Number of protein chains: 2
Amino acid sequence: MDEIARRAGVSKTTVYRALSGQGRIGEDTRRRVLDIAEEAGYRPNRLARGLRRSRTGLIGVVVPGIEGQFYARVLEGIEKALQDVDHRVLLTVSRGEQEYELVESLLDMQVDGLIVASESDSPDFYERLLRRRVPIVFIDREVPGLHADLVATDHFAGGVLLAEHLRDKGYRKPAFLSVTDRPRPIGSIEDRWCGFRSVFRNACLLHHPFMGSVKRLLREGGDAAPAETFSELCLLALRGALEPLATFPYDCVFAQYDHFALAMIHLLQAHGIRVPQDVGVVGFDDHDFTEYTEPPLTTIRQPLREIGLQAAQRLLRRLEEPDLPAAALRLPPRLVARRSSDPLAAMEQP
Amino acid sequence: MDEIARRAGVSKTTVYRALSGQGRIGEDTRRRVLDIAEEAGYRPNRLARGLRRSRTGLIGVVVPGIEGQFYARVLEGIEKALQDVDHRVLLTVSRGEQEYELVESLLDMQVDGLIVASESDSPDFYERLLRRRVPIVFIDREVPGLHADLVATDHFAGGVLLAEHLRDKGYRKPAFLSVTDRPRPIGSIEDRWCGFRSVFRNACLLHHPFMGSVKRLLREGGDAAPAETFSELCLLALRGALEPLATFPYDCVFAQYDHFALAMIHLLQAHGIRVPQDVGVVGFDDHDFTEYTEPPLTTIRQPLREIGLQAAQRLLRRLEEPDLPAAALRLPPRLVARRSSDPLAAMEQP
DNA sequence: CGGTCTTGCGTAACCGATTCCGCGACCCAC
DNA sequence: GTGGGTCGCGGAATCGGTTACGCAAGACCG
């Protein structure tokens with residue numbers, strides 16, 4: 001900038017005025033400076049600007065992992081919304097430990113705000129976060145008793161949708177397969193459970209903490225693991241928890257993730273139990289390829305990209321008006337009905 | 001920092017010496033300053049540091065999209081490797097247009113280096129990029145004639161693996177289904193084709209530009225699209241290009257992405273052609289759930305996370321030694337053999 | 001024609017960490 | 001005892017935009 005100023009024979013301030021379009025400046029001076037800047041290939045240093053203005057245009061994003069399609073899609077939405085207003089995403093993937101340290105490192109970089117999808121359930125984490133008074137929007141996971149912005153799927157509605165669907169298809173003895181490794185289900189699963197139960201009063205909760213082992217194996221394994229994908233790991237975990245299956249006492253299962261739903265189907269079929277004729281199975285997420293599985297999987301499609309978009313927009317809004325009251329935005333999910341829960345269709349099509 | 005200095009009754013320089021551990025400083029002064037800083041909850045401003053040092057610890061990443069699992073996994077690897085050395089990922093998703101503008105915006109933020117997976121095939125883009133003399137590592141896509149670091153799967157080897165596999169399974173009339181929307185296949189697909197042909201001299205290249213329409217639909221659609229997933233779009237595109245199929249003159253097909261492989265299977269089956277008995281189908285990528293499809297899909301697993309890790313490490317190394325000669329790192333893929341290319345196994349298991 | 005306002009521009013401080021230079025005190029050795 | 005070296009520390013410049021303040025010249029008004 002000094003360079004430009006010298007070449008144009010004016011002061012740095014004047015250069016700034018020309019570049020920013022702010023302040024009073026003579027038309028011919030402005031044009032001359034602009035020409036010289038253009039020719040010199042001048043580009044403003046965003047660090048310096050951020051330092052002075054204490055607005056960087058950086059948004060910190062914390063997600064638990066982007067290998068599954070879930071957060072990847074949300075992230076895509078976030079990035080899109082931010083790119084449209086010339087903001088950038090500073091991405092961190094929290095891998096279990098030291099989540100708060102990650103957040104600190106983002107704040108050190110002077111991010112304007114945070115979008116957080118945390119798997120942490122330490123209240124301490126959230127309290128420290130909010131004490132920082134940084135504009136922040138949570139996604140997906142609702143933290144009970146936390147007064148903060150949230151954008152998520154309406155999981156309750158999802159539970160209702162699936163329950164009604166299963167009921168309409170004639171199922172009567174539903175099981176709700178919760179797979180968390182927490183002492184107590186996380187908010188979203190809890191919501192699904194409530195929605196599910198509001199339709200099926202007799203729903204039974206199968207609660208096994210095997211998600212933990214999957215995640216551990218996943219962390220240790222990665223690409224290097226001998227032939228083990230996430231799907232295979234889910235299968236392994238399920239088998240360990242549910243065997244023997246000879247007497248499966250339910251006629252339908254709501255697995256919380258498509259991965260587990262497919263593992264469940266596999267397991268049932270291996271025991272000669274037909275899906276969907278004997279037992280219907282539904283999942284949640286609508287991953288790629290669930291329409292190509294055998295049988296194709298009934299599931300819930302979450303408005304993932306939309307969650308990202310809304311979260312970003314909410315955050316941007318909060319940057320303008322810091323005193324906006326906190327709000328929770330619950331986006332409606334959609335039922336994707338396929339054969340895994342349709343005994344009639346399965347009869348026709350062998 | 002001034003604050004700390006005042007409280008400790010020393011100069012800012014001394015505070016810096018205590019905090020950074022550099023320079024000469026008395027043991028007791030050091031301890032005192034550290035205590036005060038701790039108590040005040042002092043955290044260094046990374047912007048200011050970056051401004052002064054012209055090293056920010058930021059790495060710019062440009063990917064064409066993270067909704068598919070491909071770049072998401074690579075990204076996860078990148079983030080992991082960088083997090084380990086306290087660097088951060090500045091993420092941008094290029095959506096067709098103005099890729100170079102995105103890169104410029106990253107440079108404005110003073111990133112230390114770039115990791116780029118570009119879909120662009122304008123040589124101009126790459127030239128401008130290299131003229132900037134920023135440390136840069138390309139991933140996945142090889143740009144012919146470009147002298148720069150590259151980390152990618154060994155696509156040639158992948159082509160060989162699949163060809164040998166198909167040959168061993170008894171197939172003799174192979175088709176190579178290229179789906180690009182380019183006038184000429186991109187480097188990676190080209191490599192696979194060469195590898196494939198080095199085994200199957202009589203392989204036939206089916207080249208249709210329908211990937212373009214899929215991407216366009218995808219961009220327009222997003223979550224909002226009426227019931228259309230990426231998979232469904234692929235199916236649509238394929239159908240348009242290959243119908244009528246009554247006389248499919250090949251006995252096996254190498255589709256370039258799992259999505260298209262499954263769409264192909266669907267299409268074949270809809271015409272009464274059995275997979276794998278009449279026609280074998282193999283894909284590339286090993287997405288989640290390809291083991292649950294009917295039939296389970298034979299495919300190639302790319303070392304995605306490893307690509308990310310290696311790319312990040314390569315970049316970090318180049319930051320230390322800017323004059324390192326450019327190199328291409330090709331990571332070996334792995335064959336995942338399943339039923340979609342195994343007529344014998346299919347005989348046994350109806 | 002004096003006073004007030006507007007225009008166009010420059011000076012200097014500032015954001016917060018880093019770094020160059022150098023000074024006084026002290027130690028050691030020749 | 002004096003020259004050379006080390007130790008512990010401070011002053012001030014610097015990175016590159018941004019902003020508060022002010023000044024001189026001309027416009028405009030009564």
Side-chain angles (χ1 to χ4, degrees), chain A residues 1-38 40-58 86-88 104-112 134, chain B residues 1-38 40-58 86-88 104-112 134:
Chain A
M1 208 155 161
D2 279 321
E3 171 76 13
I4 311 284
R6 197 148 12 88
R7 287 206 218 175
V10 296
S11 77
K12 207 166 49 160
T13 308
T14 300
V15 174
Y16 174 70
R17 282 193 267 257
L19 258 36
S20 71
Q22 295 183 1
R24 298 172 308 208
I25 186 175
E27 181 52 26
D28 41 355
T29 313
R30 199 180 66 83
R31 203 170 299 277
R32 185 158 43 89
V33 171
L34 250 31
D35 283 351
I36 294 178
E38 167 86 10
Y42 170 81
R43 298 232 105 206
N45 181 325
R46 298 287 224 127
L47 283 194
R49 169 183 303 190
L51 183 58
R52 183 63 228 253
R53 287 213 217 170
S54 43
R55 267 297 281 277
T56 52
L58 290 176
D86 196 30
H87 280 224
R88 290 284 97 81
E104 284 285 355
S105 81
L106 290 176
L107 294 178
D108 291 350
M109 205 64 89
Q110 311 300 113
V111 294
D112 294 336
V134 191
Chain B
M1 207 153 162
D2 277 320
E3 171 76 13
I4 310 285
R6 196 147 14 87
R7 285 208 220 175
V10 297
S11 76
K12 206 165 51 158
T13 309
T14 300
V15 173
Y16 173 71
R17 281 194 268 256
L19 258 33
S20 70
Q22 295 182 3
R24 297 174 307 204
I25 186 174
E27 181 52 25
D28 41 354
T29 313
R30 198 179 67 83
R31 206 170 296 278
R32 186 156 45 88
V33 171
L34 249 32
D35 282 352
I36 294 178
E38 167 86 11
Y42 170 80
R43 298 232 105 207
N45 181 324
R46 298 287 222 130
L47 283 193
R49 171 184 303 190
L51 182 58
R52 184 62 230 251
R53 284 213 213 166
S54 43
R55 268 297 279 280
T56 53
L58 290 177
D86 196 30
H87 279 225
R88 290 283 97 82
E104 284 285 356
S105 81
L106 290 176
L107 294 177
D108 290 350
M109 206 63 88
Q110 310 301 114
V111 294
D112 294 336
V134 192

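All chains are named by letter (A, B, ...) in the order of the sequence lines, taking the proteins before the strands, and each is independently numbered beginning at 1. Bear in mind the structure is a predicted one, so any value in this text is a computation, not a measurement.
Atoms CE (B:Met1) and P (D:dG10) sit 12 Å apart, rounded to a whole Å. Between the CE atom of B:Met109 and the C1' atom of D:dC15 there is a distance of 17 Å, given to the nearest Å. Rounded to whole Å, the distance from CZ on A:Arg17 to P on D:dT18 is 13 Å. For B:Tyr16 and C:dC20, the OH to C1' distance is 12 Å, given to the nearest whole Å. The CZ atom of B:Arg55 sits 12 Å away from the P atom of C:dT19 (whole-angstrom rounding). Atom CZ of B:Arg52 is separated from atom P of D:dT14 by 9 Å (rounded to the nearest Å).
A close approach under 4.0 Å does occur between a side-chain nitrogen or oxygen of A:Arg49 and OP1 or OP2 of D:dT18. Of the side-chain N and O atoms in A:Thr14, one or more sit less than 4.0 angstrom from OP1 or OP2 of C:dG10. Applying the 4.0 Å criterion to OP1 and OP2 of D:dC9, one finds that B:Thr29 has a side-chain N or O inside that range. Taking 4.0 angstrom as the limit, A:Tyr42 places a side-chain polar atom (N or O) nearer than this to OP1 or OP2 of D:dG17. The phosphate of C:dT18 (OP1 or OP2) has no side-chain N or O of B:Ser20 nearer than 4.0 angstrom.
For A:Ser11 against C:dT11, no side-chain N or O and base N or O form a donor-acceptor pair under 3.5 Å. Evaluation of atom-type donor-acceptor distances gives no pair under 3.5 Å for the side chain of B:Lys12 against the base of C:dG16.
Comparing D:dC9, D:dG17, D:dC15 by their closest approach to the side chain of B:Arg24 singles out D:dC9. In this structure, of D:dG16, D:dT19, C:dG10, it is C:dG10 that holds the atom nearest to the side chain of A:Val10.
Ranked by how close their nearest DNA chain C nucleotide is to the 5' end, A:Arg53 and A:Ile25 are led by A:Ile25.
Within 4.0 Å (heavy atoms only), A:Arg30 reaches no atom of the nucleic acid at all.
A salt bridge links A:Arg46 with A:Asp86: the distance from a Lys NZ or Arg NE/NH1/NH2 to an Asp or Glu carboxylate oxygen falls below 4.0 Å.
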